[in-house]
Amino acid sequence: MNIFIHEKTKTFHLQNDLISYIMTVLPDGSLGQLYFGKRIHDKEDFSYLLEGCIRSHSALLEDNGEGISLEHVKQEYPVYGSSDFREGALEILQDNGSRLPGFVYESCEVTAGKPKLQGLPATYTESDEEAATLRITMKDPVNGLVLQLLYTVFAKGGVIARSAEISNEGNAAVSLTKAMSLCVDLPDADYDWIQLSGSWARERYPMQHRLHQGIQAVESLRGHSSHQHNPFLILKRPSADEFQGEVLGFSLLYSGNFLAQAQVDTYDVTRVLMGIHPGWFQWKLEPGEHFQTPEAVIVYSENGLNGMSQTFHKLFQTRLARGIWKEQPRPILINNWEATYFDFNEEKILAIAEKARECGVELFVLDDGWFGSRRSDNAGLGDWVPAPELLPNGISGLSEKVTETGMKFGLWFEPEMVNPDSDLFRAHPDWALGIPERRASLSRHQRVLDFSRREVVDCIHEMIAKILRESKISYIKWDMNRSITECYSQALPADRQGEVFHRYILGVYDLYERLIQEFPEVLFESCAGGGGRFDAGLLYYAPQAWTSDDTDAVERIKIQYGTSYAYPISSMGSHVSAVPNHQVNRSTPLKTRADVAYFGTFGYELDLNKLTAEEQEEVKAYTQFMKDHRSLLQFGTFYRLQSPFEGNEAAWMVVNEDRSEAIAAGYRILSRPNGPFTRLKLAGLDPEKLYEVEGVGRYYGDELMNLGIITSDATSCKTGENIRPAGDFVSELYLLKEVL
């Protein structure tokens, strides 16, 4: 890991064993992009990479008699309108009405490690040897603004972390109307674009197309990262696949409105921008104030999509998630939501918990409906006081009874929302976001609290903290069940209303941080109507997220497969639920439901008392299997093997660090008459090692990776050993262990 600074050529080279990232100061004082990709040797002069020929109808900046057109130069943090007509990374409304800043290079500084971003999630280091950070300072001599660009290169992995800070050292207030976290100009457009998109109950499906001239983008203006689109983007070479080829991954560590786009100009230069969505954004900077953009992480892989994903997984598990849970196997839990919905009392809850304890479950989670007047989703949100008619001993007493059985206790909150039918709203109607004298939209009978206001966050914090202080709570499920509409704060003046969306997310982060600091042993799981805010920003506070409200095993194969492009297995909340499934009315075998849920945090979303005695014995076996293997399943190196988006079969696997153990899973969605012979080729094994495949036989790693495991089922083979059963929605696990 090195950061080379060549004063003579004003060139900066960030480098580790895998990658190089090279920039230079352009003749006009702005910063130019020269190279990002596989590691190359350092040298003083890379100026041959700076292509900026003058073309017809170019607008030129004159500098010492030499013309330069920024339209045809690859840049690091460009602005629109001064000879560059492409989308820029920064736009500033100044007191004279202009929006065009003019930053020129002033200085640079290299520090060991990585600085913390105040009030925002970010990757981090635990020692200075893990990373180095380059801070480039640029100034606008006209208005006194200062721009600092931060670049961190990690010692391990093809990772660059970027962000920007804008400070007002001038004499007049200005307003940021666009401040992106990164810009990367790539020299060609020979890429496939992959985004993760969907909707409630079918989140994060990979969508792929070839880059083309013009702008292609994913975005959210819903106030959260959203079910619809994820703040994550992949550009891969057309020949790249899961196992080989050049891939670039871009992740924004942010949970609010975002924009991720690629603009291909008519000369096939690709400009990637990522950051806070400029729509509905305007941030006033008074003299002496500064603004920090969220962090964006770029990953380069020459080992295909799996290589890119594995880099993100390791980084997010170990240097984004924090606290005691970041690398600790997750407890096996049961949640009562799909078992009872709002229809419960203490007796029913304790009966569910007791049966779960008998089946080996370690954590009981009480979901929505335990507080205030909350007997449906019509009322009570915001009144975080236990309902005595349901829980005569309160949360404190219930948690005591559950923990006395040997289980841990968890609790559901939805702290950001309020029902109009609640004591909190009746006392403080102005605490909900909404435009005075205009109609307020409701979703799930609720409104959004104004978390841009300190007093609102303070109030919610105190109610939640009081319950945590009085009770034995080991886990919190933090839900958020609607998007933001009528985004207006009655506490801010007219010229700061463009700040509300961002201030809201800062308030969410602040509440998380306060609770984490006071209750460091509590495991937080984020949720947003399922997967509506499954983003890297929240992994900084909650190391796992409820992946989707859709608990159907077949649908979860797709959802978890797509999610794995960016996010580690340890972050995916995954449960075994009842059948027929509550979202799609499909019935799948209990084994299949478990075989899918293993590849996540694992738990149950049903009343185990309603299962047959035989099924309860199965649950005990599945629970014990997860206990025996959860470290490998949640923290092993994950490989996608067969995509459920491309056929009737899907497969994935995990391998431990020394490649002595692995678990592979194969899923067949629908049975076929007289089907073909099939094999599953594994990955990530040591080709020289001999492995015992439990129940199958002994094979060398090179056999398993190049020849594969026979997976033909009973429709293609009526006789023979180890033939998979036929039928719809079947699954098979393959346990591999090195033969010593």
Are the side chain of [X] and the backbone N or O of [Y] linked by a donor-acceptor pair below 3.5 Å?
X      : Y      : result
Glu109 : Thr111 : no
Gln263 : Glu87  : yes
Thr133 : Gly113 : yes
His227 : Ala528 : yes
Tyr691 : Leu735 : no
Glu692 : Val739 : no
Tyr77  : Met180 : yes
Arg39  : Asn16  : yes
Tyr124 : Ala321 : yes
Arg330 : Trp325 : yes

Cationic N near anionic O, under 4.0 Å, [X] to [Y]:
X      : Y      : answer
Asp190 : Arg210 : yes
Asp595 : Lys591 : yes
Lys38  : Glu246 : no
Glu732 : Arg668 : no

Are [X] and [Y] linked by a side-chain donor-acceptor pair shorter than 3.5 Å?
X      : Y      : result
Arg204 : Thr563 : yes
Ser255 : Asp535 : yes
Ser564 : Arg640 : yes
Ser660 : Asp658 : yes
Tyr267 : Gln213 : no

Give the ring-plane orientation class for [X] versus [Y], where under 30° counts as parallel, over 60° as perpendicular and anything between as tilted.
X      : Y      : result
Phe232 : Tyr567 : tilted
Phe4   : His6   : parallel
His575 : Trp546 : tilted

Exercise for the section: Could you go through the side-chain hydrogen bond (donor to acceptor under 3.5 Å, both in side chains) check for Gln544 and Glu525 one step at a time? Expected result: CA-CA 5 Å; Gln544 64 189 54; Glu525 177 172 287; 2.7 Å; yes

[X] ring center near [Y] ring center (under 6.0 Å):
X      : Y      : value
Phe312 : Phe316 : yes
Phe625 : Tyr598 : yes
Tyr21  : Tyr35  : no

Is the [atom1] atom of [X] crowded by more than 12 outside heavy atoms at less than 6.0 Å?
X      : atom1 : value
Glu51  : CD    : no
His209 : NE2   : yes
Lys10  : NZ    : no
Lys737 : NZ    : no
Glu126 : CD    : yes

Exercise for the section: Using side-chain contact (heavy atoms from CB on, under 4.5 Å) as the criterion, list what pairs up with Lys681, not counting sequence neighbours. Expected result: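 So Lys681 forms no side-chain contact (heavy atoms from CB on, under 4.5 Å) with any residue.
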
Exercise for the section: List in chain and number order the residues that pass side-chain contact (heavy atoms from CB on, under 4.5 Å) with Ser643, two or more places apart in sequence or in another chain; answer none if no residue qualifies. Expected result: Tyr561, Phe645, Glu646

So which heavy atom on [X] is nearest to which on [Y], and how close?
X      : Y      : value
Ile276 : Leu252 : N-CD2, 4.4 Å
Arg86  : His72  : NH2-N, 4.4 Å
Lys74  : Val269 : CG-CG1, 4.1 Å
Pro121 : Glu295 : O-CB, 4.4 Å

Practice task
Using the ring of Tyr540 (Phe, Tyr or Trp, six-membered ring only), decide whether Arg322 places NZ or CZ under 6.0 Å from its centre and within 45 degrees of its axis.
Solution key: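 That pair qualifies as a cation-pi contact.
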
Problem - Geometric cation-pi criterion Arg237 and Tyr191, 6.0 Å radius, 45° cone - result: yes

Exercise for the section: Assess whether ring-ring contact (aromatic ring centres under 6.0 Å, His included) is satisfied between Phe599 and Trp652, documenting all intermediate values. Expected result: CA-CA 9 Å; Phe599 292 84; Trp652 51 44; 5.5 Å; yes

Handout entry: Gap separating the CG atom of Asn257 from the CG atom of Leu259, nearest 0.5 angstrom
Key =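 The CG atom of Asn257 sits 10.5 Å away from the CG atom of Leu259.
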
Practice task
Could you check Leu704, Asn656, Val696 and say which one makes a side chain to side chain contact (heavy atoms under 4.5 Å, CB included) with Leu736?
Solution key: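 Among the candidates, only Leu704 passes.
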
